[in-house]
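Below: the structure, in structure tokens.
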Amino acid sequence: MVIGRAFICTLLVVAVGLLSACAFTQDPAGTAVAFAKASTGALKHVFGLLAFDAAQLARHTLAHHGVNGAFVPCPVAYGAYLTPTLTDVNYTVKHAMAKCGVQCDMISTCEAFRYSVNDGRCVLLHNYNDTSGVSHDYQLCRKKRLRKFGRTEAPLFLADEYVEQAEAEIPIGGNISVYAVGSSSLLWMTWLDQLHLVLRRLGYTLPVVPPLAQGGQLYPTDVIACEDTKYFEHLKTTRYGRIGWSSWDFSHEGWEGCQKGYRVIEGHEIKCQHGAGCAFSHEPVFVSDIAADAARSNITLIATWFNDDQQWSSHYKCFNGQKHTQHQLGTVTINSLLRTVRSIHAKNPNTWVVIMGKYPQTFHHITYKYLRLLNSRIRAVLETEPRTLFVDYYMPNQDEGDFFQEAHSGHPNCRGSRIMAHAVLKRLYEERILSRGLRMASLDKSKLLNSSCDSMNAGECHSSGLCWVDPMDRKCKNYGPGSKHFHTVCKGTICEGPGPHVLTVGKPKNASRPLRN
């Protein structure tokens, strides 16, 4: 149609030109100028028609082929029926497509959706092979199978167990490499491994961060058995964990700055030796090595400071016997955490660094005011650093329920670990880092202590510290505190493939541990 109209217009231009030429020869001094003007006007009209038709053609192409003659790419968790060729797509279009995908994800029976760029219409489909309409302006996006799970594995969460958002940093089905550095919570607790399991069940892929720093490992060492141990214990999550260490043990370049066996941090002399009371390892540890491993992750979790406020238990031997207030110790903690965070970001400024809040190591595990203030103080300073978050949470005390181990005194049990893992997920989703997160009502005390598992929906069940959704029958059930004794998962630096454990009967000879993180 455009070509036909252009041909007619061209004939008109020629005709006008001939008429103007004839008129000019017969009356060169009179009407030639008028005809010239008429000819110019005709040319403008012709090119105006051509421009109008080009715009119509562009709109027609957009309506029938997405944008600029190609279909718009589907959201990452969806596959396109027709291969898209666009890479630079208008943000509004991408956002609308992503929102359409979220709508489909929220319905477990939705297998695909069609989206029209032209009229902004989203059509959800229950038939995976429905291709009707895609020859025009409806792009067909089919839901991908994000992961393949064995029959004994915990499968993907159902639609009522998660929430989604369209403008987050890590897309559904995207890669999340997780790394952690800290004290014994990484070796005697399961919170990191529970976090891995939930991310996996949300559809993310978790490539292993190669543990290149000396002493890095893929598994915890000695942990109690949980209701869901068989689903997460075989998962590899790289960590650098040291029992009894404090934040300053991880944050320096070996023994750099040490003089006569001590280094000065924020005006306080601290002994250049690792472990509880600074009385154990003399092995130099380089924060640059830890940072190099962390830099290969999307998310690095830091739990290095849980022992900092426990110096009273060793009579302040790290400080040459000089008693320090909690405020003074907090100043040293902040200095050490900042050193660690900045070392990681010097290697990779794009890594998210997540500082774990501290749980109470007090009589009856009560969260006293000093601990709330300490967590708030550290959060206020550390979150001024780029791409750095602080994860706080409430850990119920002894009078409120069973949330701490017997095997490793002072350490949260399976329930407590689950609270920590869910707190991390909640913060990552709220900060728009995760596109898909775990559906939770909240993590306040009333929700954590709700034990009416039978009557809960999925979000309420995920919020309770006393309940869980059994992946085999999808029912909300009681979630126990875990076994009284620990079993060994891994001894040594890198252990390959420990299978899902079944708790052995009987208490191991080395089951008793000091109150250390």
Verdict with reasoning, T333 to D308, per side-chain hydrogen bond (donor to acceptor under 3.5 Å, both in side chains) | CA-CA 7 Å; T333 296; D308 288 14; 2.6 Å; yes

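- Looking at every heavy atom in both residues, L449 comes nearest to L466 through O-CD1, 3.6 Å.
- Here T300 pairs with S297 under the side chain to side chain donor-acceptor pair (under 3.5 Å) rule; sequence neighbours left out.
- Rounded to the nearest 0.5 Å, atoms CG (N298) and CG (N350) are 9.5 Å apart.
- For the 3.5 Å distance criterion, the side chains of R379 and N375 fail to qualify, holding no donor opposite an acceptor.
- Two residues are said to be in side-chain contact when any heavy atoms from C-beta on lie closer than 4.5 Å; W245 and T304 fail this criterion.
- A salt bridge does not link K477 with E227: none of the charged nitrogens is closer than 4.0 Å to a carboxylate oxygen.
- I378 CD1 to L338 CG: the interatomic distance, rounded to the nearest 0.5 Å, is 10.0 Å.
- Ring geometry for F157 versus H462: interplanar angle over 60°, hence perpendicular rather than tilted (30 to 60°).
- Using modelled atom types and a 3.5 Å distance limit, the side chains of T190 and Q194 yield a donor-acceptor pair.
- Between F486 and H408, the ring-plane angle classifies as parallel under the 30° and 60° cut-offs.
- Among residue pairs with one or both ends in residues 405-453, those qualifying as disulfide (SG to SG under 2.5 Å) are C226-C414, C453-C467; sequence neighbours excluded.
- Checking side-chain atoms of R242 against main-chain N and O of S184 turns up no donor-acceptor pair under 3.5 Å.
- For R121 (side chain) and S116 (main-chain N/O), no donor-acceptor pair under 3.5 Å exists by modelled atom type.
- Side-chain polar atoms of H411 and S185 form no donor-acceptor pair below 3.5 angstrom.
- Residues V178 and V209 have side chains not in contact (no heavy-atom distance under 4.5 Å, counting atoms from C-beta outward).
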Run the disulfide (SG to SG under 2.5 Å) check on C100 and C141 step by step: do they pass?
-> CA-CA 10 Å; C100 192; C141 297; over 6 Å; no

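- A donor-acceptor contact shorter than 3.5 Å links the side chain of S463 to the backbone of S442.
- Closest non-hydrogen pair, E385 versus T388, comes out as CB-OG1, 3.4 Å.
- A 4.5 Å side-chain heavy-atom check between T237 and L195 finds every atom pair outside the cut-off.
- Taking a cutoff of 4.0 Å between a charged side-chain nitrogen and a carboxylate oxygen, D309 and K358 qualify as a salt bridge.
- Between atom CG of residue D249 and atom CG of residue N307 there is a gap of 9.0 Å, rounded to the nearest 0.5 Å.
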Pair I334-W305, side chain to side chain contact (heavy atoms under 4.5 Å, CB included): steps then yes or no | CA-CA 9 Å; I334 290 171; W305 67 284; over 6 Å; no

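- Inter-residue side-chain proximity for E161 and V469 is flagged as met; some heavy-atom pair is nearer than 4.5 Å.
- Two residues are said to be in side-chain contact when any heavy atoms from C-beta on lie closer than 4.5 Å; L206 and L199 meet this criterion.
- In terms of heavy-atom proximity, C122 sits nearest to Q103 at SG-OE1, 4.2 Å.
- Looking only at atom types and distance, the side chain of Q217 has no donor-acceptor partner in the side chain of T238 under 3.5 Å away.
- S435 places a side-chain N or O within donor-acceptor distance of the main-chain N or O of I170, the cut-off being under 3.5 Å.
- Sorted by first and then second residue, the pairs that involve residues 170-199 and meet salt bridge (Lys or Arg N to Asp or Glu O under 4.0 Å), not counting sequence neighbours, are D193-R239.
- Side-chain atoms of R415 come within 3.5 Å of backbone atoms of D402 as a donor-acceptor pair (strictly under, hydrogens ignored).
- By the 4.5 Å heavy-atom criterion applied to side chains, V341 and L382 are counted as neighbours.
- For T351, the side chain to side chain donor-acceptor pair (under 3.5 Å) criterion is met by N348, not counting sequence neighbours.
- For the residue pair T488 / D222, a side-chain donor-acceptor distance below 3.5 Å is found, with atom types taken as modelled.
- One N or O on the side chain of Q405 and one on the backbone of W188 form a donor-acceptor pair closer than 3.5 Å.
- Formation of a donor-acceptor pair under 3.5 Å by the S464 side chain with backbone atoms of E460 is not found in this model.
- Residues F250 and V287 are not in side-chain contact: their nearest non-hydrogen atoms beyond the backbone lie 4.5 Å or more apart.
- Without hydrogens or angle criteria, D289 side chain to A213 main chain gives no donor-acceptor distance under 3.5 Å.
- In this structure, Y240 has its ring center no closer than 6.0 Å to that of Y179.
- For S483 (side chain) and A225 (main-chain N/O), a donor-acceptor pair under 3.5 Å exists by modelled atom type.
- Geometrically, R439 does not engage Y162 in a cation-pi contact defined by less than 6.0 Å to the ring centre and at most 45° from the axis.
- For R427 and Y429, the positive end is not near the middle of the six-membered ring at less than 6.0 Å and at most 45° from its axis.
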Quick one: do Y479 and D228 satisfy side-chain hydrogen bond (donor to acceptor under 3.5 Å, both in side chains)? Show the steps, please.
-> CA-CA 9 Å; Y479 189 71; D228 47 353; 2.7 Å; yes

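- Under the salt bridge (Lys or Arg N to Asp or Glu O under 4.0 Å) rule, E164 has a single partner from R432, K99, R436, which is R436.
- Considering only residues two or more places apart in sequence or on other chains, W352 meets the side chain to side chain donor-acceptor pair (under 3.5 Å) condition with E169.
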Please report the C-alpha distance between M420 and V424 in whole Å, then the side-chain angles of each, then the deciding distance to 0.1 Å, and finally whether the side chain to side chain contact (heavy atoms under 4.5 Å, CB included) criterion is met.
-> CA-CA 6 Å; M420 292 172 67; V424 173; 5.8 Å; no

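- Atom CG of D454 sits about 7.5 Å away from atom SG of C476, to the nearest 0.5 Å.
- For E167, there are no salt bridge (charged side-chain N to carboxylate O under 4.0 Å, His left out) partners two or more places apart in sequence or in a different chain.
- The closest donor-acceptor contact from the side chain of S246 to the backbone of W248 lies at 3.5 Å or more, if one exists at all.
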Report the C-alpha distance between Y359 and F403 in whole Å, list the side-chain angles of each, state the deciding distance to 0.1 Å, and finish with yes or no for side chain to side chain contact (heavy atoms under 4.5 Å, CB included).
-> CA-CA 11 Å; Y359 47 79; F403 288 88; over 6 Å; no

Give the intermediate values and the outcome of side chain to side chain contact (heavy atoms under 4.5 Å, CB included) for residues K426 and M440.
-> CA-CA 8 Å; K426 185 173 184 291; M440 289 180 274; 3.7 Å; yes

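- Shown here for G330 and L374, the closest heavy-atom pair between the two residues is CA-CD1, 4.0 Å.
- Shortest non-hydrogen contact noted between R372 and T367 is NH1-O, 3.1 Å.
- Of all the heavy atoms in F306 and S183, the pair that sits closest is CB-OG, 4.2 Å.
- Within the 4.5 Å cutoff, side-chain heavy atoms of M472 are placed close to those of Y231.
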Chi angles and distances behind the ring-ring contact (aromatic ring centres under 6.0 Å, His included) call for F113, Y78 = CA-CA 9 Å; F113 70 84; Y78 288 80; 5.1 Å; yes

